[in-house]
Undergrad: 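This is the structure, below, for whatever I ask next.
These numbers come from the heavy atoms of this one structure, side chains and all, not from hydrogens, waters or symmetry mates.
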Amino acid sequence: MNKITRIKTSNRMSQIVIHNDTIYLAGQVGIIGDGVAEQTKTCLEKVEALLNEAGSDKTRILQSTIWLDNMADFGKMNEVWDAWITPGTSPARACGGAKLATTEYKVEVIVIAARK
């Protein structure tokens, strides 16, 4: 059966959706007022916590989409990402520039992962 589980659900969205053994996370953002490096760290901490709650971890990430409000911050974001990702477990990844929900957000991270 194609079971779907939704966790941390509101009328608008769920933070986690699990379909069979695939985990989909809502986009995670940082703390308004922080710079891109700090916001990236916060995003990745949130991703890790949600994956743990869903029965997985960062080594099981299949794909990540990263949105930056300014592509000039690509290097700063990558420094944080590269220090966070476990060597040998890099997912398929895309990064692009976008207007985010508010002008104070610098980065948003979206993840699809496999359950353990």
Undergrad: Are I66 and M77 close enough that some pair of their side-chain heavy atoms sits under 4.5 Å apart?
TA: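 Yes, side chains in contact.
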Undergrad: Do I7 and E53 have side chains that get closer than 4.5 Å, going by heavy atoms?
TA: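 Yes. Closest side-chain heavy atoms under 4.5 Å.
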Undergrad: Measure the OG-CZ distance between S56 and R115 for me, rounded to the nearest 0.5 Å.
TA: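 Interatomic distance, S56 OG to R115 CZ, rounded to 0.5 Å: 8.5 Å.
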Undergrad: Is the backbone N or O of T22 less than 3.5 Å from a side-chain atom of N20, with the two atoms forming a donor-acceptor pair by type?
TA: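 No, N20 side chain to T22 backbone: no donor-acceptor pair under 3.5 Å.
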Undergrad: Would you give the length of the straight line joining atom CD1 of I85 to atom CZ of R93, rounded to the nearest 0.5 angstrom?
TA: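 Here the rounded value is 9.0 Å.
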Undergrad: Go through Q39 and E108 one step at a time and tell me if the side chain to side chain contact (heavy atoms under 4.5 Å, CB included) criterion holds.
TA: CA-CA 9 Å; Q39 285 195 21; E108 183 170 0; over 6 Å; no
Undergrad: Does a side chain donor of either N52 or D57 reach within less than 3.5 Å of an acceptor in the other side chain?
TA: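 N52 vs D57: no donor-acceptor pair found between side chains.
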Undergrad: Side chains of E48 and W84: is there a donor and an acceptor less than 3.5 Å apart?
TA: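 E48 vs W84: donor-acceptor pair found between side chains.
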Undergrad: Less than 4.5 Å apart, side chain to side chain, heavy atoms only: is that true for D69 and Y105?
TA: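 No - every pair of side-chain heavy atoms lies 4.5 Å or more apart.
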Undergrad: How many angstroms lie between atom SG of C95 and atom CG of N78, to the nearest 0.5 angstrom?
TA: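 Reported to 0.5 Å precision, the distance equals 7.0 Å.
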Undergrad: Decide yes or no for L68 and F74: does some side-chain heavy atom of the first lie under 4.5 Å from some side-chain heavy atom of the second?
TA: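 Side-chain contact under 4.5 Å: yes.
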Undergrad: Can you confirm whether the side chains of T89 and T59 place a donor and an acceptor under 3.5 Å from each other?
TA: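 Looking only at side-chain atoms, T59 and T89 do not form any donor-acceptor pair under 3.5 Å.
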Undergrad: As an exercise, state the distance from CG of D21 to NZ of K116, rounded to the nearest 0.5 Å.
TA: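 Between atom CG of D21 and atom NZ of K116 there are 13.5 Å.
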Undergrad: Sort out for me which residue in I112, L51, V17 forms a side chain to side chain contact (heavy atoms under 4.5 Å, CB included) with L25.
TA: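 Single side chain to side chain contact (heavy atoms under 4.5 Å, CB included) partner of L25 among I112, L51, V17: L51.
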Undergrad: So, the side chain of K46 versus the backbone of V29: is there a donor-acceptor pair under 3.5 Å, distance only?
TA: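 Looks like yes, one N/O pair under 3.5 Å.
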Undergrad: Taking 4.0 angstrom as the limit, do K106 and E38 come out as a salt bridge?
TA: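 No.
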Undergrad: Do M13 and W67 share a hydrophobic cluster, counting only Ile, Leu, Val, Met, Phe, Trp and Tyr and linking them when any side-chain heavy atoms are less than 4.5 Å apart?
TA: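 Different clusters.
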Undergrad: Ignoring hydrogens and geometry beyond distance, is a side-chain donor-acceptor pair present between Q15 and Q28 at under 3.5 Å?
TA: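 Short answer, yes.
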Undergrad: So, do S64 and I110 sit near enough that their side-chain heavy atoms are less than 4.5 Å apart?
TA: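 Contact flag for S64/I110 side chains = no.
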